[in-house]
A.B. asks: 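Just dropping this structure here.
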Amino acid sequence: MKRLDVAVIGAGFIARTHVPAWIALGARIRIFSTDDQAALLAEEFGLTEATSLEEALDWAAVADICTPTATHRDIALAAFEAGANVLCEKPLALTPGDAQEMAEAAHKAGRLLYPGHVVRFFPAYIRLRDAVTSGALGRVAVARFTRTGRYPTWSSWFADPALSGGIVTDQMLHDMDIARWLFGEVVSIHATQRGNLTAPGPAPKAPVATGSATLTHESGVISQVLGVWGPPATPFRYTFHVAGSNGTLTHDSLAHPSVRVTGAAGPEASAVPTGDFGEDPFAAQIREFATAFHGGPAPRVNALDGVAAVKIAAAARRSAATGLAVAIHNTTPRTPTKGSPR
Amino acid sequence: MKVALLSFAHVHATTYIQLLSDRNDIELIVTDPDAEPGDPTRGKALADELRVTYRASYEEVLAERPRAVIITSENARHRKLVEQAASAGAHILCEKPLATTEDDARAMIDTCEQAGVSLMTAYPVRFHPAFAALRHTLTDGTLGPLLSVHGVNNSRPPALERPWFADPALAGGGAIIDHTLHVADLLDVLLDGEQPTHVHAVANTLLTPDGADRPEVESAGLLTLTYANGLVATIDCSWSHPATHPTWGGLTLTCVGRRALVEFDAFPPLLTGYDTAQATTRWEPAATDLDAAMLDRFLTAARTGQRAHPDGETGLRTLKTVLAAYTSLRTGQPATTTAA
């Protein structure tokens with residue numbers, strides 16, 4: 001494999017999951033962040049800290065954008081300008097317009113843009129997709145997806161919808177993407193959200209948020225996505241239940257752990273899934289993208305999927321705000337990667 | 001006490017007859033005059049199999065002045081039988097849905113009020129002791145203020161056993177009218193009778209067994225209920241449970257509160273495993289018998305003349321949610337529960 005020079009932009013929670021995966025691939029990493037976290041990560045993982053975004057990008061073949069959502073667009077445009085391919089943490093952007101602009105900029109620059117829809121790399125969803133696409137489930141009719149964890153208070157920007165899009169765009173987008181991956185384009189959506197859409201300032205009590213979305217797919221399948229950002233001790237958990245004419249498939253990430261530790265209670269639940277002993281999904285994702293950046297096969301998710309997910313989430317937020325169901329027009333988008341399967 | 005059961009149309013008739021036959025404090029008489037003659041799963045054939053006293057007509061049964069009457073006819077035929085039973089002076093337990101229209105439900109409630117008899121709607125799940133525990137987490141503050149409630153009630157398609165469940169004229173609809181109601185009743189208990197202001201629904205008919213004609217009614221449905229105080233409730237009411245699974249389906253309810261999440265499973269397996277003789281999964285249900293608890297409440301109320309809950313008004317309130325869901329299916333937008 002050619003030399004892999006990666007600029008990791010941002011040094012928070014997601015950067016921490018991506019960096020070891022890049023290192024495992026033999027990448028050289030420069031890291032840049034506008035807070036003081038980059039220095040810490042650089043020291044911990046033996047990375048080079050860049051002193052500016054430009055310095056990080058100029059040198060890089062790949063930019064890995066791990067910053068708060070609202071900053072993705074500008075950094076991605078700068079990365080394409082600098083000639084880098086981009087892995088952008090999900091959601092690609094806050095608005096469909098921004099996401100589309102990023103996809104078009106990639107196309108214009110002749111570079112690749114992949115969104116970090118990491119749930120597509122979790123074993124249970126991979127196996128579910130196999131069952132759906134192989135026909136093992138028969139004709140699928142109805143599906144439910146849930147995602148529950150503690151309110152992301154580790155970074156203040158999650159609680160600001162202007163920066164994160166709130167629970168609908170930041171968290172439920174994962175399962176909306178999975179539903180679209182499995183059952184095809186979404187033609188309409190009805191959604192709700194409740195609770196602390198912005199976290200109370202210096203919190204006297206724990207913020208909590210919950211959301212629901214009902215998706216109608218072009219295929220006729222109906223699906224439900226539920227999200228919870230719960231009280232501090234809420235364990236991270238995801239579940240699904242899919243019913244087709246040949247039966248059902250269910251998964252509960254807490255039901256059958258390969259190892260269970262009890263008694264060592266901490267005050268707060270872990271925000272990351274544990275108990276899986278296969279390849280780390282974040283590492284699988286980065287390996288697949290790195291292969292594609294080097295001219296290998298197209299990955300399972302591309303820029304258009306990233307744009308579509310942002311579009312669905314935006315429609316969900318409009319529905320939650322108005323109380324009305326919102327139609328989603330899937331006029332075949334101007335395909336920025338036309339002529340390329342990527 | 002003389003107790004009568006009218007019609008074996010609903011699959012629950014057999015369950016109720018078996019439970020009532022086990023009691024030595026009542027005398028049970030049954031009738032199923034609307035069954036197809038010769039149907040071995042209905043009428044006198046079924047009564048003989050269950051060893052219960054059979055009468056040839058509703059009139060004959062009611063002429064014996066039963067103190068309590070259980071109605072398990074097709075949904076759209078509830079009203080007529082309720083009116084007959086009320087005029088015979090009987091306290092009534094009516095299978096859910098109470099009716100298929102608001103007018104019918106209202107008329108049934110009024111008839112029973114005027115006749116001075118009790119009208120109970122057959123919602124057994126609220127009698128689960130674990131549901132009482134769930135409710136306690138709400139009243140004692142463990143849950144904190146409720147943000148959202150998520151219910152699932154899935155089963156195998158009942159039309160496989162009783163085809164009228166897929167006939168909109170007799171059933172009033174499909175999975176939505178069949179399965180929204182149990183969860184709606186639990187919400188009614190948790191929220192002290194507060195009703196949603198709006199109901200949004202989507203549905204499809206894709207879960208038809210291969211080779212069969214597609215039914216006119218929906219077999220999968222997803223509902224979202226919103227309340228004046230902002231509370232959101234979702235319900236998956238689909239007939240999506242495999243017909244050959246060892247159990248009929250199930251019901252769960254998850255409450256998301258400000259301080260905690262609480263999950264309720266009304267029908268967890270007591271034992272699971274594998275059965276080599278049948279080459280299928282074992283699934284032994286817990287011993288909690290919700291139908292028995294509900295029947296006991298009904299018979300006690302009939303004996304003492306108390307009002308039995310869930311009553312007809314509960315049946316009507318929850319039916320309004322269902323009717324709003326069907327309006328939403330037609331318009332594609334949330335429907336109000338008051339304009340039904």
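Every chain is numbered from 1, with letters handed out A, B, ... down the list of sequences.
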A.B. asks: Supply the atom-to-atom distance B:H200 NE2 to B:L225 CG, rounded to the nearest 0.5 angstrom.
C.D. replies: 11.5 Å
A.B. asks: What part of B:A203 is in contact with chain A, defined as an atom under 4.5 angstrom from a non-hydrogen atom: side chain, backbone, both or neither?
C.D. replies: backbone
A.B. asks: Which bit of B:L261 is near chain A, if near means a heavy-atom gap under 4.5 Å: side chain, backbone, both or neither?
C.D. replies: side chain
A.B. asks: For B:N153 and B:H182, test the side chains for any donor-to-acceptor distance below 3.5 angstrom and give the result as yes or no.
C.D. replies: no
A.B. asks: With a 4.5 angstrom heavy-atom cut-off, is it the side chain or the backbone of A:S223 that approaches chain B, or both, or neither?
C.D. replies: backbone
A.B. asks: Quick one: which of B:G332, B:G230, B:G221 has the most heavy-atom pairs under 4.5 Å with chain A, could you say?
C.D. replies: B:G230
A.B. asks: Could you tell me whether the side chains of B:H150 and B:T234 share a donor-acceptor contact shorter than 3.5 Å?
C.D. replies: yes
A.B. asks: Are the aromatic ring centres of B:W248 and B:F267 under 6.0 angstrom apart?
C.D. replies: yes
A.B. asks: If the threshold is 4.0 Å, N to carboxylate O, is there a salt bridge linking A:D305 and A:R120?
C.D. replies: yes
A.B. asks: Regarding B:R135 and B:D192, does a basic nitrogen lie under 4.0 Å from an acidic carboxylate oxygen?
C.D. replies: yes
A.B. asks: Is there side-chain contact between A:F236 and A:R147, with heavy atoms separated by less than 4.5 Å?
C.D. replies: yes
A.B. asks: For B:V232, which atoms come within 4.5 Å of any heavy atom of chain A: side chain, backbone, both, or neither?
C.D. replies: both
A.B. asks: For chain A, which of B:N154, B:T226, B:T244 has the most heavy-atom pairs under 4.5 Å?
C.D. replies: B:N154
A.B. asks: I'd like to know which of B:T254, B:V256, B:T224 tops the heavy-atom pair count under 4.5 Å against chain A.
C.D. replies: B:T224
A.B. asks: Against chain B, label A:L226 side chain, backbone, both or neither, depending on which of its atoms sit under 4.5 Å from a heavy atom there.
C.D. replies: side chain
A.B. asks: ring-ring contact (aromatic ring centres under 6.0 Å, His included), that's the test. Do B:F264 and B:H128 meet it? Break it down for me.
C.D. replies: CA-CA 10 Å; B:F264 163 62; B:H128 201 302; 5.4 Å; yes
A.B. asks: For the candidates A:A327, A:A243, A:P231, which exhibits the highest count of non-hydrogen atom pairs separated by less than 4.5 Å from chain B?
C.D. replies: A:P231
A.B. asks: Check whether B:R258 gets within reach of chain A through its side chain, its backbone, both or neither, counting any heavy atom under 4.5 Å.
C.D. replies: both
A.B. asks: Quick check for you: among A:G220, A:G247, A:G211, which has the greatest number of heavy-atom pairs under 4.5 Å with chain B?
C.D. replies: A:G220
